[in-house]
Amino acid sequence: MTDTPADTLIVLDFETTGLSPDQGDRAIEIGAVKIENGVIGARFQSLMNPGRRISSFIEGYTGISNRMLQDAPPCEQVMAEFAAFIDGYNLLAHNASFDQKFLDAELERVGASRRHPFCCSMLTARRIYQDAPNHQLGTLVRYKNLPTDGTYHRALADAEMTAHLWLRMLSDIEQRYQLAAPSFAQMQKLAKTAKKSVDGFMLRQRISRPH
DNA sequence: TGCCAGGCCCTCTTTAGGGCCTT
């Protein structure tokens, strides 16, 4: 599954009650967009009721209120639908370790497990955009002048911005290194390459690439 | 009462510390 083009995958983003499912935190919103051959297509978005009240900090941070969650379907129902949406696709998120642990925790609650490999747009951006002021999603959107409606910290909006960031990084890699259509596996390796070794790594990818 | 994550990555490192990034 990993040896596929990096321009076909699903970008996802969770809003949650806090930072750690190991501390009892739950998902409250999932947003995702499907990228097929470099084109953003199908979208998935849903609030989900975690079965408890969320803090005023999270209400302020996300704009998602306890009132909004009262009428939302339960996490279990949403995650079952989302599992079907992502089936068969590689996954991408900004700071993927965060979304990965919530995805795994919520899927486990519905008796499902994740087989899909993840890539991280934040780790990739740290390699490709070493001169950026920082590597927060919002900063990178402004840094690269990417499309946005000004909504931040909502799942679908963040997933869409991450999708645009990913496509821009693929485009910039193509221009900078003359490496067209890198694979998902190559991008995973890039994300783990030491910053100072990125240029050499990308050159080797170009030379060793099968034609 | 007081505490509250964790993986990644850099450096004045590796027998460690601290900033970044996500909610």
- prompt: Do A:H94 and A:S121 have side-chain N/O donor and acceptor atoms under 3.5 Å apart?
  reply: yes

query: Which nucleotide in the list B:dT22, B:dA5, B:dT23 gets nearest to the side chain of A:N95?
result: B:dT22

Proximity to the side chain of A:L123 - top-ranked nucleotide from B:dC9, B:dC10, B:dT22: B:dC9

field: Nucleotide of B:dC21, B:dT23, B:dT22 approaching A:L137 most closely (side-chain heavy atoms)
entry: B:dT22

B:dG19 versus B:dC12 - spacing of their C1' atoms, nearest Å: 15 Å

task: Mind checking A:I28 for me? I need base, sugar-phosphate or nothing, with any heavy atom below 4.0 Å counting as a touch.
output: nothing

- prompt: The side chain of A:H135 lies closest to which of these nucleotides: B:dG7, B:dC21, B:dT23?
  reply: B:dC21

- request: Considering only atom C1', compute the distance from B:dC8 to B:dT14 and round it to an integer number of Å.
  value: 16 Å

message: I want to verify a distance call: between B:dA5, B:dT23, B:dC21, whose nearest atom is closest to the A:Q23 side chain?
response: B:dA5

task: To the nearest Å, give me how far apart NE2 (A:H94) and C1' (B:dG7) are.
output: 14 Å

statement: Side-chain atoms of A:D22 come closest, of B:dC10, B:dG6, B:dT22, to B:dG6

field: Euclidean distance for P, B:dT13 against B:dT1 (whole angstrom)
entry: 42 Å

- prompt: Picking from B:dC8, B:dA5, B:dT23, which would you name as closest to the side chain of A:R127?
  reply: B:dC8

field: Rounded interatomic separation in angstrom, taking CG from A:D25 and C1' from B:dT23
entry: 8 Å

message: Can you check the distance between B:dC3 and B:dG7, where both ends of the measurement are the P atom (answer in whole Å)?
response: 23 Å

task: Mind calculating the distance between CD (A:Q100) and P (B:dT22) to the nearest angstrom?
output: 16 Å

task: Would you mind checking if A:D13 and A:R154 are paired as a salt bridge, meaning a charged N to carboxylate O distance below 4.0 Å?
output: no

Parallel, tilted or perpendicular, as decided by the 30° and 60° cut-offs, for the rings of A:F44 and A:F85: tilted

message: Give me the distance, rounded to whole Å, that separates B:dG18 from B:dG2 when you measure between the P atoms they each carry.
response: 23 Å

task: Assign A:A191 to base, sugar-phosphate, or nothing according to its heavy-atom contacts below 4.0 angstrom with the strands shown.
output: sugar-phosphate

Would you mind writing out the side-chain donor-acceptor pairs for residues 76-84 of chain A within the sub-3.5 Å range, not counting sequence neighbours?
none

- prompt: Are the charged groups of A:D87 and A:R115 less than 4.0 angstrom apart, N to O?
  reply: yes

message: What's A:D13 touching, base or sugar-phosphate or nothing? Going by heavy atoms closer than 4.0 Å.
response: sugar-phosphate

